[in-house]
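What follows is a single structure, written as structure tokens, with notes after it.
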Protein chains: 2
Amino acid sequence: MEDEVDRLVAAWRRERPDLDVEPLEVLSRVSRLARHLDRARRLAFSEHGLEPWEFDVLTSLRRAGAPYQLSPGQLLTQTLVTSGTMTNRIDRLAKKGLVERLPDPSDRRGVLVRLTPEGRDRADQSLAGLLAQERAILAQLSQGQRGDLAALLRRLTAPFDNIPG
Amino acid sequence: MEDEVDRLVAAWRRERPDLDVEPLEVLSRVSRLARHLDRARRLAFSEHGLEPWEFDVLTSLRRAGAPYQLSPGQLLTQTLVTSGTMTNRIDRLAKKGLVERLPDPSDRRGVLVRLTPEGRDRADQSLAGLLAQERAILAQLSQGQRGDLAALLRRLTAPFDNIPG
DNA sequence: AATATATATCTTGATGTCAAGATACTCGAT
DNA sequence: ATCGAGTATCTTGACATCAAGATATATATT
């Protein structure tokens with residue numbers, strides 16, 4: 001089936017036949033799909049009273065395992081936002097009682113962010129909902145295709161994640 | 001090579017062995033890669049004095065072909081933002097002299113947004129820069145792999161683009 | 001022709017994000 | 001011990017985005 005990127009690429013080939021726009025076949029689809037996923041997630045989380053950014057922070061802490069705490073810096077690399085944004089997010093989550101800030105015992109510059117029991121529950125509940133939604137989206141592909149897709153994407157994400165991006 | 005999503009998935013399997021987190025192998029990579037691309041684009045465009053959102057609007061109009069005009073509604077489906085955001089974007093681009101607003105002759109509710117000659121030049125220049133950057137990112141894959149990846153992604157984007165998403 | 005429904009765009013107010021810089025602490029070199 | 005460079009977090013101010021609703025016009029139904 002045709003998608004919006006097929007139309008976009010066809011338009012460029014008509015308007016700029018001198019350019020090779022093949023890269024857009026992959027990367028425009030990545031960007032557009034991410035935006036669609038954002039919208040879908042926003043809808044899914046609103047049933048749990050969570051914003052997507054709240055989910056991102058809470059589940060990062062949840063994944064860390066007991067006692068569910070990370071430094072703001074570790075949260076940055078997981079969520080790919082700037083430090084100012086993370087300070088703001090932590091403030092708001094703390095005000096809602098989903099995380100708390102503790103002094104880092106080994107570095108007095110530092111802070112540790114810890115999930116509260118309620119924060120942990122919210123993370124667990126909404127993860128299950130997200131996975132159900134994602135499974136529905138991925139039903140377009142066979143299991144083998146999903147594996148292929150994941151492997152191809154990994155080749156593109158790895159340089160960003162490993163080089164100091 | 002391992003990426004951040006490999007670590008993320010491993011962490012979930014340790015913390016929540018009861019859940020099947022396979023969907024994250026694909027969709028978390030899509031979301032994270034899109035964020036990396038956003039950052040890279042912001043950097044690339046700043047050399048041309050353009051923001052990513054400006055690029056998105058200008059190139060949508062450029063692709064439309066002479067006389068380079070679309071309705072705000074058509075721009076919405078291409079850029080996946082809300083109508084309020086688009087009004088705001090058009091205002092700012094008009095103030096910079098890159099687009100102009102014209103009344104739609106066939107529908108008095110409507111408006112047409114048209115690229116100015118300078119807007120067209122800026123779109124053309126920055127497109128070439130973007131393609132160069134994207135080619136470098138995609139050098140991780142062979143041509144055949146890029147084709148496979150595009151085809152797999154299309155299966156996921158097509159439902160969003162065709163059903164009234 | 002009159003009315004109801006649908007459509008296209010804009011306005012508003014709240015909120016989230018970013019870039020840049022400030023602050024406070026650590027650690028290695030002298 | 002002291003200095004200087006590096007690191008971790010926070011603050012600030014400008015700006016972009018969204019959701020919801022307002023306004024004006026078009027189109028379908030009777």
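First the proteins, then the strands, lettered A, B, ... as listed; each starts at 1.
- A heavy-atom distance below 4.5 Å is not found between the side chains of B/Arg29 and A/Leu156.
- Atom CG of B/Leu80 and atom P of D/dT17 are 13 Å apart (whole Å).
- Cluster annotation: A/Leu80 is not connected to A/Leu75 through the hydrophobic network of ILVMFWY side chains, with a link wherever side-chain heavy atoms come within less than 4.5 Å.
- Following rounding to the nearest Å, A/Ile90 (CD1) and C/dG16 (P) show an atom-to-atom distance of 14 Å.
- A close approach under 4.0 Å does not occur between any side-chain nitrogen or oxygen of A/Arg108 and OP1 or OP2 of C/dC27.
- Residue A/Trp53 contributes atom CH2, which lies 7 Å from atom P of C/dT17 at whole-angstrom precision.
- Comparing C/dC18, C/dC10, D/dT9 against the side chain of A/Ser71 picks out D/dT9 as the nearest.
- Both A/Leu115 and A/Leu130 belong to a single network of hydrophobic side chains, linked directly or stepwise wherever heavy atoms of I, L, V, M, F, W or Y lie under 4.5 Å apart.
- When the C1' atom of C/dT9 is taken as reference, atom CG of B/Leu102 falls 15 Å away, rounded to whole Å.
- Map A/Ser106 and B/Gly110 each onto its nearest nucleotide of DNA chain C; the residue landing nearer the 5' end is B/Gly110.
- Shown here for B/Arg32 and A/Gln78, the closest heavy-atom pair between the two residues is NH1-O, 2.6 Å.
- For B/Thr82, the side-chain atoms get nearest to D/dC18 when compared with the rest of D/dC10, C/dC18, D/dC18.
- The distance between atom NZ of B/Lys96 and atom P of D/dC15, rounded to the nearest whole Å, is 12 Å.
- At least one donor-acceptor pair closer than 3.5 Å links the side chain of A/Thr116 to the backbone N or O of A/Leu98.
- Side-chain N/O atoms of B/Arg39 include none lying less than 4.0 angstrom from OP1 or OP2 on C/dT17.
- Put simply, B/Arg101 has a side-chain N or O that comes within less than 4.0 Å of OP1 or OP2 on C/dC10.
- Between B/Thr85 and D/dC18 there is a side-chain polar atom (N or O) within less than 4.0 angstrom of OP1 or OP2.
- In terms of position along DNA chain D, the nucleotide closest to B/Asn88 lies nearer the 5' end than the nucleotide closest to the other residue of the pair B/Asn88 and B/Ser83.
- Side-chain nitrogen and oxygen atoms of B/Arg35 include at least one within less than 4.0 Å of the OP1 or OP2 phosphate oxygen of C/dC18.
- When the nucleotides D/dA16, D/dT25, C/dT17 are ranked by their closest atom to the side chain of B/Asp107, D/dT25 comes out on top.
- The nearest whole Å value for the distance from the CG atom in B/Leu76 to the P atom in C/dA8 is 10 Å.
- Distances shorter than 4.0 Å separate none of the side-chain N or O atoms of A/Arg89 from OP1 or OP2 on C/dG16.
- In this structure, of D/dT17, C/dA19, C/dC10, it is C/dC10 that holds the atom nearest to the side chain of B/Thr87.
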